[in-house]
Amino acid sequence: MTDRLSTPAPTSFAETPVQKGALVVGIVFLLVGIAGFIPGLTSGDLGGAGNGSMGMLLGIFQVSVLHNIVHLLFGIVGVLAARRASGARLYLVIGGVVYFVLWIYGLFTANSDSAANFVPLNSADNWLHLVLAIGMVALGVVLSRGRRAPVGAERTSR
């Protein structure tokens, strides 16, 4: 039989710092995904997918319908992950790793007319992906500190 210290208490929606972090990141992704479809915030021809899209969010970031849908899906996952501390941490850390891989991918494809640039990406997108990678992993690690049961807490009391 274990004592109360070894069993983490169930958490409510966005109760812990890491859950709040995942919720904020998820909401930001949702807002960016929505903004990508709003004329005025997005200029140019918004293509479905591929480097042929001339859509520019805020005149800086190249976007397409596919790009916006990816942001919306990433946002939904973040909001859902905020239901549990473990899910929120995984969302932030794994999401950060995904953005780091995307940054590396963008080093080779951003601003190119290659079919490999199907999202599409420009240099501004690519460097933002690096910032997101670092920020999300940092949030996942830092905001999760202090939430684990102390070492030896799983032992039963006599």
Side-chain angles (χ1 to χ4, degrees), residues 1-42 46 48-49 55-107 110 118-158:
M1 185 168 173
T2 61
D3 62 35
R4 290 181 168 216
L5 291 177
S6 65
T7 305
T11 56
S12 300
F13 183 77
E15 179 181 310
T16 66
V18 73
Q19 287 172 280
K20 289 176 181 154
L23 180 63
V24 168
V25 170
I27 289 170
V28 168
F29 274 109
L30 285 171
L31 292 173
V32 169
I34 292 166
F37 290 112
I38 298 175
L41 293 177
T42 301
L46 189 64
M56 297 294 285
L57 179 60
L58 304 175
I60 301 169
F61 304 103
Q62 189 175 7
V63 293
S64 67
V65 171
L66 175 62
H67 205 149
N68 293 334
I69 290 171
V70 169
H71 287 142
L72 290 170
L73 292 174
F74 218 79
I76 290 168
V77 171
V79 171
L80 292 174
R83 295 185 313 178
R84 297 188 58 118
S86 59
R89 183 177 191 279
L90 280 174
Y91 168 75
L92 291 169
V93 172
I94 292 173
V97 170
V98 166
Y99 270 97
F100 183 72
V101 170
L102 190 57
W103 172 71
I104 292 172
Y105 176 74
L107 289 174
F118 64 93
V119 174
L121 301 172
N122 65 8
S123 293
D125 288 308
N126 201 45
W127 291 105
L128 179 59
H129 293 159
L130 178 61
V131 170
L132 285 169
I134 293 167
M136 288 177 74
V137 170
L139 284 173
V141 171
V142 171
L143 295 178
S144 296
R145 289 191 176 161
R147 296 296 301 166
R148 293 193 169 95
V151 175
E154 67 278 352
R155 294 185 193 146
T156 59
S157 56
R158 293 183 182 191

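Each residue takes its place number in the sequence, starting with 1. Atom set for the values below is all heavy atoms of this structure, side chains included, hydrogens, waters and symmetry mates excluded.
- The closest side-chain heavy-atom distance from V65 to F37 is below 4.5 Å.
- For the atom pair CZ (R83) and CD (E15), the distance works out to 15.0 Å, reported to the nearest 0.5 Å.
- S123 OG to L107 CG: the interatomic distance, rounded to the nearest 0.5 Å, is 9.5 Å.
- In terms of modelled atom types and a separation under 3.5 Å, the side chain of S64 and the main chain of L46 share no donor-acceptor contact.
- The backbone N or O of G55 lies less than 3.5 Å from no partner atom in the side chain of Q62, so there is not a single donor-acceptor pair.
- Closest heavy-atom contact between A88 and A82: CB-CA, 4.4 Å.
- Taking CG from L143 and NZ from K20, the interatomic distance works out to 10.5 Å, rounded to the nearest 0.5 Å.
- Counting heavy atoms from C-beta outward, V137 and L92 have side chains that stay 4.5 Å or more apart.
- Nearest heavy-atom pair, I60 versus A124, reported as atom, atom and distance to 0.1 Å: CG2-CB, 3.6 Å.
- Looking at every heavy atom in both residues, S144 comes nearest to V18 through OG-CG2, 3.4 Å.
- Taking CZ of F61 as the reference point, atom CG of D125 lies at 6.5 Å (rounded to 0.5 Å).
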Is there a side chain to side chain contact (heavy atoms under 4.5 Å, CB included) between L72 and F29 once you walk through the steps?
CA-CA 6 Å; L72 290 170; F29 274 109; over 6 Å; no
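- The aromatic ring centroids of Y91 and Y99 lie 6.0 Å or more from each other.
- Rounded to the nearest 0.5 Å, atoms CG (L139) and CD1 (I134) are 12.0 Å apart.
- Within the 4.5 Å cutoff, no side-chain heavy atoms of T42 are placed close to those of I38.
- The shortest non-hydrogen separation linking M56 to N122 is CE-ND2, 3.6 Å.
- A distance of 6.0 Å separates CG of L30 from CD1 of I34, quoted to the nearest 0.5 Å.
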